[in-house]
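Remarks on the structure that follows.
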Amino acid sequence: MAHRTLGRAAARGAQTLRSLRRTTVSPTELADGHGPSTSCRNLVQCSVLGKPRETWRLGTTTSPTKGYSVVGAEQQHKAPTQPLPDPEVMKLVEAALGPLDTKPLAPPSRPVVIVISGPSGVGKDAVLNRLKEQREDLYFVVTATSRPKRAGEVEGRDYFFVSKDKFEGWIADNMLLEYAVVYGEYKGIPRQQVDAALAAGTDVVLRIDVQGAATVKRLIPDCISIFVTADSEDVLVKRLVARKTEPLDKLLVRVKTARAENDHIKNFDYVVVNRDGELDACVAEVSGIIEAEKARVVRRHSSHHGGHNHHHKAQGQGQVAP
Ligand SMILES: Nc1ncnc2c1ncn2[C@@H]1O[C@H](COP(=O)(O)OP(=O)(O)OP(=O)(O)O)[C@@H](O)[C@H]1O
Ligand SMILES: Nc1nc2c(ncn2[C@@H]2O[C@H](COP(=O)(O)O)[C@@H](O)[C@H]2O)c(=O)[nH]1
């Protein structure tokens, strides 16, 4: 699948970046033609010539006292050379044991459902939007709502915006995996999106409120649930106020709800703090959790099928008609 290939390429790129090492060269070394390598010198020269973006991308920093600190020197090094297997010995092994199997030794990981939840304004959308850019291997479900579209929101990207009547029709037709009334409006997960992605072997990400997370955990016990929180209540509320999407009365409801939601952290598998100004760190943590969970042997055992049996009627919560 094309997007899986892209995902693997992204992971390889991240690995390469992780393996980069910091080295230091002085301007004199550069002028002399010494230093780590030609392309590394070029990177530093970019910085000297005032192209900060080029050098920033590879993590280069400048130091007035020590010269120029460069990340990227190791990129020039070849992977350690592997000795070639002796063909004669290979023949002897195959003669003794029969043809060697080229199938992957690790069983493939079954697709997982990842639930991202947390209080309003904590940054769930911000985290997921960044994750989308990095992880083309994941499917991000677009949920449905009866809430009116906010300025800047796009149909089919942020939500499927539908009337209350239409939403209730979907409930009656069992088209929603989960639904709830959140801040007085219907929100629900179109079942078909989840089923299609899982059937294609793709991991699915759901961004839902805490009551929805509890419902999905009950329907899909082996889902990975992650509660995103902020540094403090003060930081959370400042974020919500700065977003300017709610009038004061509705904002107060969200803050009161956030207080109650925080008590539900214990029901989640993971809690991740989306620290102020450190969105990327939060995204990396979420991505790391997903990778670690997918590497768990229990998720790879082909005979284990726990979890994805969610084909009974959606259990809406707080089903007071909005
Ligand atoms: N790490 C961060 N540091 C500073 N600001 C952030 C951070 N993460 C998100 N924000 C900002 O906080 C605001 C709220 O974020 P966002 O809309 O993603 O929250 P949310 O959890 O999806 O909210 P809701 O549940 O109401 O949809 C946005 O203006 C966003 O840009
Ligand atoms: N239980 C569900 N909650 C959902 C779903 N889709 C979104 N949400 C959550 O609603 C709140 C408020 O969102 P907003 O866009 O009005 O600010 C937020 O916490 C979302 O995660 C869903 O399908 N089910």
Side-chain angles (χ1 to χ4, degrees), residues 113-132 140-155 157-162 167 170-171 175-194 204-219 223 225-232 234-247 250-258 260-262 264 268 272-286 314-319 322:
V113 172
I114 302 130
V115 173
I116 306 288
S117 196
S120 178
V122 76
K124 298 181 293 298
D125 281 336
V127 167
L128 292 186
N129 286 339
R130 192 68 60 90
L131 196 62
K132 257 182 223 168
F140 296 82
V141 170
V142 179
T143 58
T145 184
S146 60
R147 159 169 90 57
K149 208 189 278 180
R150 289 179 191 142
E153 284 186 328
V154 174
E155 166 74 14
R157 184 193 69 185
D158 299 292
Y159 281 104
F160 290 105
F161 296 94
V162 296
F167 200 104
W170 286 358
I171 295 171
M175 287 171 71
L176 301 171
L177 168 64
E178 174 275 345
Y179 71 95
V181 176
V182 188
Y183 311 123
E185 297 286 352
Y186 281 129
K187 301 269 162 76
I189 305 166
R191 186 189 292 284
Q192 192 275 339
Q193 284 184 53
V194 178
V204 166
V205 180
L206 300 171
R207 173 224 45 180
I208 49 181
D209 82 327
V210 167
Q211 55 180 329
T215 305
V216 172
K217 193 71 179 173
R218 191 163 40 75
L219 294 173
C223 73
S225 61
I226 305 177
F227 187 94
V228 182
T229 190
D231 321 47
S232 65
D234 173 61
V235 167
L236 175 69
V237 175
K238 280 180 180 145
R239 255 178 226 172
L240 208 44
V241 171
R243 194 175 69 177
K244 292 191 181 140
T245 45
E246 277 77 32
K250 293 205 165 147
L251 189 127
L252 292 176
V253 173
R254 286 183 185 238
V255 176
K256 275 191 197 156
T257 309
E261 285 174 334
N262 216 56
H264 291 269
F268 283 76
V272 171
V273 184
N274 179 21
R275 295 185 200 288
D276 223 35
E278 294 183 26
L279 181 66
D280 283 338
C282 180
V283 174
E285 207 172 331
V286 169
Q315 297 274 308
Q317 299 195 12
Q319 291 172 45

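Just so you know, ligand 1 is whichever comes first in the structure, and atom 1 is the first atom listed for that ligand. Below, each value reflects all heavy atoms present in this structure, side chains not excepted, and no hydrogens, waters or symmetry copies.
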Checklist line | Check: Val273 main-chain N/O paired with Thr229 side-chain donor or acceptor under 3.5 Å | finding: no
Margin query: With a cutoff of 4.0 Å, is Gly188 in contact with ligand 2, counting heavy atoms of the residue only?
Written below: yes
Checklist line | Chi angles and distances behind the side-chain contact (heavy atoms from CB on, under 4.5 Å) call for Lys217, Cys223 | finding: CA-CA 6 Å; Lys217 193 71 179 173; Cys223 73; 3.5 Å; yes
Margin query: Restricting to non-hydrogen atoms, name the atom on Pro190 and the atom on Val141 that form the minimum distance, rounded to 0.1 Å.
Written below: CD-CG1, 4.4 Å
Item checked: Which residue and heavy atom of the protein sit nearest atom 5 (N) of ligand 1, plus the separation -> Arg239 NE, 3.7 Å
Checklist line | Distance filter under 4.0 Å to Gly212 heavy atoms, resulting ligand 2 atoms | finding: 1 (N)
Check: How far apart are the closest heavy atoms of Arg207 and Asp125, and which atoms are they?
Finding: NH1-OD1, 2.7 Å
Next item on the list: Determine whether any heavy atom of Arg254 lies closer than 4.0 Å to an atom of ligand 1.
Entry: yes
Next item on the list: Please report the C-alpha distance between Lys149 and Asp158 in whole Å, then the side-chain angles of each, then the deciding distance to 0.1 Å, and finally whether the salt bridge (charged side-chain N to carboxylate O under 4.0 Å, His left out) criterion is met.
Entry: CA-CA 9 Å; Lys149 208 189 278 180; Asp158 299 292; over 6 Å; no
Margin query: Under 4.0 Å and counting heavy atoms only, is there anything from the protein next to atom 8 (N) of ligand 1?
Written below: yes
Note to self: Once you restrict to heavy atoms under 4.0 Å, what part of Ile189 touches ligand 2? Side chain, backbone, both or neither.
What the structure shows: both
Notebook entry, point to check: Does an N or O from Tyr183, backbone or side chain, lie closer than 3.5 Å to an N or O of ligand 2?
Noted result: no
Notebook entry, point to check: Should the pair Arg254-Glu261 be classified as a salt bridge under the 4.0 Å nitrogen-to-oxygen rule?
Noted result: no
Check: Looking only at heavy atoms of Arg254, does any of them come nearer than 4.0 Å to an atom of ligand 2?
Finding: yes
Checklist line | Tyr183 side chain reached by Lys250 side chain, heavy atoms, under 4.5 Å | finding: no
Next item on the list: Look at atom NZ of Lys132 and say whether more than 12 heavy atoms of other residues, nucleotides or ligands are closer to it than 6.0 Å.
Entry: yes
Checklist line | Which of the ligand 2 atoms, numbered from 1, are nearer than 4.0 Å to a heavy atom of Ala180 | finding: 1 (N)
Checklist line | Asp231 to Val235 - nearest heavy-atom pair and separation | finding: OD1-CG1, 3.6 Å
Notebook entry, point to check: Do any N/O atoms on Gly118 end up under 3.5 angstrom from N/O atoms on ligand 2?
Noted result: no
Check: Which bit of Tyr159 is near ligand 2, meaning a heavy atom under 4.0 Å away: side chain, backbone, both or neither?
Finding: side chain
Item checked: Backbone or side-chain N or O of Leu240 under 3.5 Å from ligand 1 N or O -> no
Margin query: Quick test of your reading of the structure: of Arg243, Lys244, Glu278, whose heavy atom lies closest to atom 24 (P) of ligand 1?
Written below: Arg243
Next item on the list: Determine the interplanar angle of the Tyr186 and Phe167 rings, folded into 0 to 90°, and report it as parallel if under 30°, tilted if 30 to 60°, perpendicular if over 60°.
Entry: parallel
Next item on the list: Could you pull out, from Arg207, Lys187, Arg150, the option with a heavy atom nearest to atom 13 (O) of ligand 2?
Entry: Lys187
Item checked: Nearest option to atom 1 (N) of ligand 2, as decided by whichever heavy atom of Thr257, Val142, Asp209 sits closest -> Asp209
Note to self: Which of the numbered atoms in ligand 2 are under 4.0 angstrom from any heavy atom belonging to Val182?
What the structure shows: 3 (N), 10 (O), 11 (C)
Notebook entry, point to check: So do the side chains of Arg147 and Lys187 get within less than 4.5 Å of each other, counting heavy atoms only?
Noted result: yes
Note to self: Is it the case that atom CZ in Arg150 sees more than 12 heavy atoms from other parts of the structure closer than 6.0 Å?
What the structure shows: yes
Checklist line | Test item: Arg239 and Pro119 side chains (from C-beta on) under 4.5 Å apart, heavy atoms | finding: no
Item checked: Selected option - heavy-atom contact closest to atom 24 (N) of ligand 2, from Glu178, Glu261, Lys124, Arg243 -> Glu178
Next item on the list: Using a 4.0 Å heavy-atom threshold (strictly under), name the region of Arg275 that reaches ligand 1: side chain, backbone, both or neither.
Entry: backbone
Check: Taking Glu155 for the side chain and Phe161 for the main chain, is one N or O donor matched with an acceptor at less than 3.5 Å?
Finding: yes
Next item on the list: Give the atoms of ligand 2, by number and element, whose distance to some non-hydrogen atom of Arg147 is under 4.0 Å.
Entry: 14 (P), 15 (O), 16 (O)
Check: So, do Val216 and Ile189 sit near enough that their side-chain heavy atoms are less than 4.5 Å apart?
Finding: yes
Check: Among all protein non-hydrogen atoms, which one is nearest to atom 16 (P) of ligand 1, and what is the separation to 0.1 Å?
Finding: Gly123 CA, 3.7 Å
Margin query: Would Arg150 count as a polar contact of ligand 1, with the cut-off being nitrogen or oxygen pairs under 3.5 Å?
Written below: no
Item checked: Atoms in ligand 1 flagged as close to Gly277, the criterion being non-hydrogen separation under 4.0 Å -> 1 (N), 2 (C), 3 (N), 4 (C)
Next item on the list: Report yes or no: does a heavy atom of Ala242 sit under 4.0 Å from some atom of ligand 1?
Entry: no
Checklist line | Distance from atom 18 (O) of ligand 1 to nearest protein heavy atom, with residue and atom | finding: Ala126 N, 2.9 Å
Check: Is Ala230 near ligand 1, meaning one of its heavy atoms is under 4.0 Å from it?
Finding: no
